[in-house]
Amino acid sequence: MIPAMREYRVSQPYGTQVNPATNQTTFHAGIDMVKPAYADIAAFARGVVVFAAYGQTGTGVGGYGNTVILRDRHDYLHMYAHLTDYRVKVGDEVLAGSIVGREGMTGQATGQHLHYEVRRDGPSFGYGLHTDPVLYMDAYFATELKDPAHACGISYDGTLLPFTGGIVDGKSFLPVRALAEAVGKGAEVEWNNTTRLAGIKGTELMTTFLLDAKAYAWSRELARALGLDIGWDDTAKVVQLTTAP
């Protein structure tokens, strides 16, 4: 699960569900996620707004209340539903982390939550063309991180290091162990197999993302855990790390 999704409590996952009272099965086409009431809802991936309104029956978003749908660069649709309100309009370009609305319970909902779906683009906003949103976002994140076009250099006290990080939707992510070893703190790296989070000397890195069995973390969080100052050279695309005074 990508770091931004771990900020929520999952109340209902994607897939086939069995009602323990009736023993009947239903299929849940998205994932229900909970934050405190009326919390701001941020986009998980960048995209263009193709729908921002109250979902009407027959449109592919009936029953979902106030809904925002973004189309990403791979032509998949990201649906944020049951919102109290929305703060974007059709045609807006939205960055990952930008607020699209507030958590709510509009439409057919019994309590406040975010219903999040990922659909392949198609008629009626891809109704019926859903995919597992957690797996999709994991693959999306990994693809962005591995793309050579999104690589960023890393320097430490003025020396360019022999490995790179990656930029995902405007945020740089760096390899945890490689960087810790480069700054002499390799022995402080930890791994929690229960939470699936890397850590530095007891401090868990909440933005941990696993790629090819290697842990990456958001550069600012990792720098803070390692006691480093951080800067950014936009021309050279290099994360600049220095020993904190």
- Would you confirm whether D212, through its side chain, and K214, through its main-chain N or O, come within 3.5 Å as a donor-acceptor pair? no

- Message: With a 4.5 Å cut-off on side-chain heavy-atom distances among I, L, V, M, F, W and Y, is there a chain of contacts connecting Y14 to F44?
- Response: no

- Task: Evaluate the side-chain proximity of V94 to V48: yes if any heavy-atom separation is below 4.5 Å, no if none is.
- Result: no

- Note on the structure: Rounding to 0.5 Å, atoms CG (L179) and CD1 (I200) come to a distance of 8.0 Å

- Message: Would you say that F51 contacts V68 through its side chain, given a criterion of any heavy-atom pair below 4.5 Å between the two side chains?
- Response: no

- Message: Looking at E144 and R73, is any side-chain nitrogen of the basic one under 4.0 Å from a carboxylate oxygen of the acidic one?
- Response: yes

- How far apart are the closest heavy atoms of T84 and N66, and which atoms are they? O-ND2, 2.9 Å

- Task: Sequence neighbours left out, what passes salt bridge (charged side-chain N to carboxylate O under 4.0 Å, His left out) with R120? Give chain and number order.
- Result: none

- Item | W232 side chain reached by Q240 side chain, heavy atoms, under 4.5 Å | no

- Item | Ionic contact status for E7 with K35, cut-off 4.0 Å | yes

- Message: Parallel, tilted or perpendicular: which one describes the rings of F173 and F141, with boundaries at 30° and 60°?
- Response: perpendicular

- Is the distance between the ring centroids of Y80 and Y116 under 6.0 Å? yes

- Query: Roughly how far, to the nearest 0.5 Å, is the CZ atom of R87 from the OG atom of S98?
  - Reply: 12.0 Å

- SB check R46 D72 (cutoff 4.0 Å): no

- Query: Less than 4.0 Å between a side-chain N and a carboxylate O, is that true for D40 and R102?
  - Reply: no

- Item | Value rounded to 0.5 Å, distance of CE in M79 from NE2 in H130 | 10.5 Å

- Would you say the side-chain atoms of Q108 and Y64 include a donor-acceptor pair closer than 3.5 Å? no

- Query: Would H113 and Y8 count as a close aromatic pair, with their ring centres under 6.0 Å?
  - Reply: no

